[in-house]
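Beneath this line is the structure, given in structure tokens, with notes to follow.
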Amino acid sequence: MRLNPNPARKKAAKQRLVARPPKKHLLRLFVAGATVRSHQAVLRVRELCAAELKGNWELVVVDIYQQPSLARENQIVATPTLVKEFPRPVRRFIGNLVNSASLLTELDLIPGASAAL
């Protein structure tokens, strides 16, 4: 057991941690076709992510009519459905995406938001 770690090694490890890019939030939005409701859901999620996640996010939009296999795999029963896949745990938000506070809390997108409730 080492009591005095090598300072150069410790400094290099710390620099690697600082240089590591933060893990991005991976979100999937399932919509049904090119409807007004689908378009509004996409815009709302993009606005919310841009405002709250500050570029630390990736959004994948899935049209269940064009990719029904993905809808089956993800057990999508209603649209719009927003799924936070990463960081874990996976969270789902189904339906109206207008209420920002509820959406952020339910998906646990803001660190400490669920602890504050």
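When reading the values below, keep in mind they use all heavy atoms of this one structure, side chains included, and skip hydrogens, waters and symmetry mates.
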Inset, instruction - Identify whether Leu107 and Val61 are in the same connected component of the hydrophobic contact network (ILVMFWY, side-chain heavy atoms under 4.5 Å). - result: yes
Inset, instruction - Give a yes or no on whether the backbone of Ala32 and the side-chain of Asp63 come within a donor-acceptor separation of less than 3.5 Å. - result: no
Legend entry - Val60 and Leu29, any side-chain heavy atoms less than 4.5 Å apart: no
Legend entry - Side chain proximity check, Thr79 to Ile64, heavy atoms < 4.5 angstrom: yes
Legend entry - Connected via hydrophobic side-chain network under 4.5 Å: Phe30 and Leu26: yes
Inset, instruction - Determine whether Val62 and Phe86 fall in the same hydrophobic cluster, where Ile, Leu, Val, Met, Phe, Trp and Tyr are linked whenever their side-chain heavy atoms lie under 4.5 Å apart. - result: yes
Inset, instruction - Carefully, step by step, assess Leu104 and Glu52 under the rule side chain to side chain contact (heavy atoms under 4.5 Å, CB included). - result: CA-CA 9 Å; Leu104 292 170; Glu52 299 295 336; 3.8 Å; yes
Inset, instruction - Please tell me if the side chains of Arg92 and Asn74 come closer than 4.5 Å, counting only heavy atoms from C-beta onward. - result: yes
Inset, instruction - Could you tell me the separation between the CD1 atom of Ile76 and the CG atom of Leu70, rounded to the nearest 0.5 Å? - result: 9.5 Å
Legend entry - Side-chain touch Leu82/Val45, heavy atoms, less than 4.5 angstrom: yes
Legend entry - Under 3.5 Å: donor-acceptor pair, side chain of Thr81, backbone of Ala78: yes
Legend entry - Presence of salt bridge, Glu85 and Arg28, under 4.0 angstrom: yes
Inset, instruction - For the pair Arg37 (side chain) and Val31 (backbone), establish whether a donor and an acceptor sit closer than 3.5 Å, ignoring hydrogens and angles. - result: no
Inset, instruction - Taking Thr105 for its side chain and Ala101 for its backbone only, find out whether a donor-acceptor pair lies under 3.5 Å. - result: yes
Inset, instruction - Give a yes or no on whether Leu59 and Val90 share a hydrophobic cluster (residues Ile, Leu, Val, Met, Phe, Trp, Tyr; joining criterion: side-chain heavy atoms under 4.5 Å apart). - result: no
Inset, instruction - Could you pull out the closest heavy-atom pair between Asp108 and Lys84, with the gap in Å? - result: O-NZ, 3.8 Å
Legend entry - Validation row: Cys49, His25 side chains within 4.5 angstrom (heavy atoms): no
Inset, instruction - Would you mind reporting whether Leu97 and Pro80 have side-chain heavy atoms less than 4.5 Å apart? - result: yes
Legend entry - Residue pair Arg46 / Trp57, side-chain heavy-atom distance below 4.5 Å: yes
